[in-house]
Amino acid sequence: MTFDEHALSDALHSIEAEASPDLASLARAGGRRRLLRRRSATAAGAVAVGAIAAPVGLAVRSGLGADNGTIKVGASPTATDPSLYAAPPAPGSDCNGGNGGKASPASYPDLLLLPSSADSFRYAFVRDQTGNCAPPHIAFTAIQQHGDSVGAGLVVEGPDAATPAEDGREGPGVGFLGDKGHAPIDGQPATEFSLSTINHTDAYWTEPDGGQWHAIVRDMTQADAVGLLNRLSLDPTAGTATLSGAAADGWTVMPPVRDQAADQTGVVMSQWIDPQGHLVDLTVTQTPDRTMQDAVSYGGPESMTTVRQHPAVLVPHGGTSGDMLTWQEAKDVQVQLVVHNPSGDEIVQVADSLQLVSPDDPRFALQGG
């Protein structure tokens, strides 16, 4: 069974209780995190959404290098092994697509978070979710932090990132709604896609050695983003980047993050009506911690908080789009909670109601899930 993120994005917030298990699970399994990122800067029909901030306690400063302000970000512990991260997608790949299938709750016991109350439950699905392209290696993440919020941010993916066409931003029948540029990066031809309304830029370029890079920059104009990227020094063998003068410019460099393993495919999706009468969507994903990278990728309004004793990011959309709260519940367990038409700190109350349940919880049998 296949899915396509662009085709399913419009259905993401409109899944009804009567929807078939396939429709509901495929729309959710497309990956709320990736869909939100696509909506922030992507092809025709996409909607720019706000999102997220740096969680409290995660702004860990990397040590400064001996050259007075140059910070080097190390990749995963074995990143010097070229086989650590996947090869770039094959030309013509559609990295927005993939495969999803029903899985047993017993396959992913660490992902089975549900509310303590079984009332007003609509469905719960457990899925195996694999994409057409392996998740790219993250070479660099940095933010400029202002009090409890994140201003500018930068994430560099590669040397195994997708091209713009493979990432769904250009190609036959694809039109980008924002500003498109072709300023060179690192002396190579590049393409930039920006949504000026939220100061979000995605840039893509390929080095002579074949390494493909994708950078995400927030809270900067396209021209400033290109200028920043041209200060990077890239090491494709180690999968790292160096930003000269980072500390002096107010950048906080995040610690390296682990690559996502090929067998990390579990997704649990559920929906219910909370005690306040509001619709709730919950997605629990098997993935290394990507909170800081998401904070940069989404862009928009945000606030920091702590939920269930974990640093968390609150995305205050409000209205039918809902407030979103995301955090890392445990190693390789990311939680994303959306409460539609919320009131006050209702979303935090809902988060606090979650508990790990057994695979034989009867709610996993609802809707034939």
Side-chain angles (χ1 to χ4, degrees), residues 33 36-37 40-41 48-65 67-75 138-158 178-179 181 183 185-186 190 192-203 213-234 240-257 289-306 311-316 324 326-328:
R33 180 175 65 85
L36 284 172
R37 181 161 139 194
S40 71
V49 298
I52 76 184
V56 170
L58 287 188
V60 181
R61 285 172 169 76
S62 174
L64 297 183
D67 55 346
N68 191 27
T70 297
I71 301 177
K72 182 162 184 176
V73 181
I138 296 174
F140 186 89
T141 306
I143 63 168
Q144 288 185 349
Q145 190 167 354
H146 306 293
D148 291 337
S149 65
V150 171
L154 168 64
V155 173
V156 180
E157 298 176 340
D179 300 320
I185 296 174
D186 199 27
E192 298 86 31
F193 302 84
S194 297
L195 289 178
S196 58
T197 54
I198 59 172
N199 287 333
H200 182 112
T201 297
D202 285 85
W213 299 87
H214 171 207
I216 305 147
V217 186
R218 65 170 278 179
D219 203 33
M220 286 189 182
T221 65
Q222 186 176 106
D224 288 344
V226 169
L228 177 70
L229 296 175
N230 274 311
R231 291 170 49 194
L232 288 173
S233 296
L234 304 168
T240 60
T242 301
L243 179 62
S244 178
D249 289 345
W251 290 98
T252 297
V253 176
M254 296 295 103
V257 297
D289 192 348
R290 293 292 186 268
T291 308
M292 292 308 305
Q293 289 68 39
D294 291 346
V296 175
S297 299
Y298 295 163
E302 74 280 336
S303 60
M304 304 181 204
T305 186
T306 299
V313 176
L314 175 63
V315 185
M324 185 176 76
T326 184
W327 69 94
Q328 198 77 9

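Bear in mind the structure is a predicted one, so any value in this text is a computation, not a measurement.
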Which residue pairs satisfy the salt bridge (Lys or Arg N to Asp or Glu O under 4.0 Å) criterion with at least one member in residues 242-252, sequence neighbours excluded? Arg231-Asp249
Side chains of Asp186 and Leu232: does their closest heavy-atom pair fall under 4.5 Å? no
Measure the spacing between CG of Leu195 and CD of Gln222 and express it to the nearest 0.5 Å. 10.5 Å
Can you tell me how far the CD atom of Glu157 sits from the CZ atom of Phe140, to the nearest 0.5 Å? 13.5 Å
How far does CE of Met254 sit from OG1 of Thr141, to the nearest 0.5 angstrom? 8.0 Å
Nearest heavy-atom contact between Leu229 and Leu154 is CD2-CD1, 3.6 Å
With side chains defined as the heavy atoms from C-beta onward, is the minimum distance between Ile138 and Val156 less than 4.5 Å? no
Looking just at side-chain N and O atoms, do Thr201 and Glu192 make a donor-acceptor pair shorter than 3.5 Å? no
Using modelled atom types and a 3.5 Å cut-off, is there a donor and acceptor pairing between side-chain atoms of His214 and backbone atoms of Gly158? no
Those residues at least two apart in sequence (or on a different chain) that pass side-chain contact (heavy atoms from CB on, under 4.5 Å) with Ser233 are Thr242
Can you name the side-chain contact (heavy atoms from CB on, under 4.5 Å) partners of Ala152, sequence neighbours left out? Gln144, Asp219, Met220, Trp251
Determine yes or no for a side-chain-to-main-chain donor-acceptor pair under 3.5 angstrom, with Asn199 supplying the side chain and Arg218 the backbone. no
Testing the basics here: between Gly153 and Val296, what is the closest heavy-atom pair and its distance to 0.1 Å? C-CG1, 3.5 Å
Could you state the interatomic distance from CG (Leu234) to CH2 (Trp213), rounded to the nearest 0.5 Å? 4.5 Å
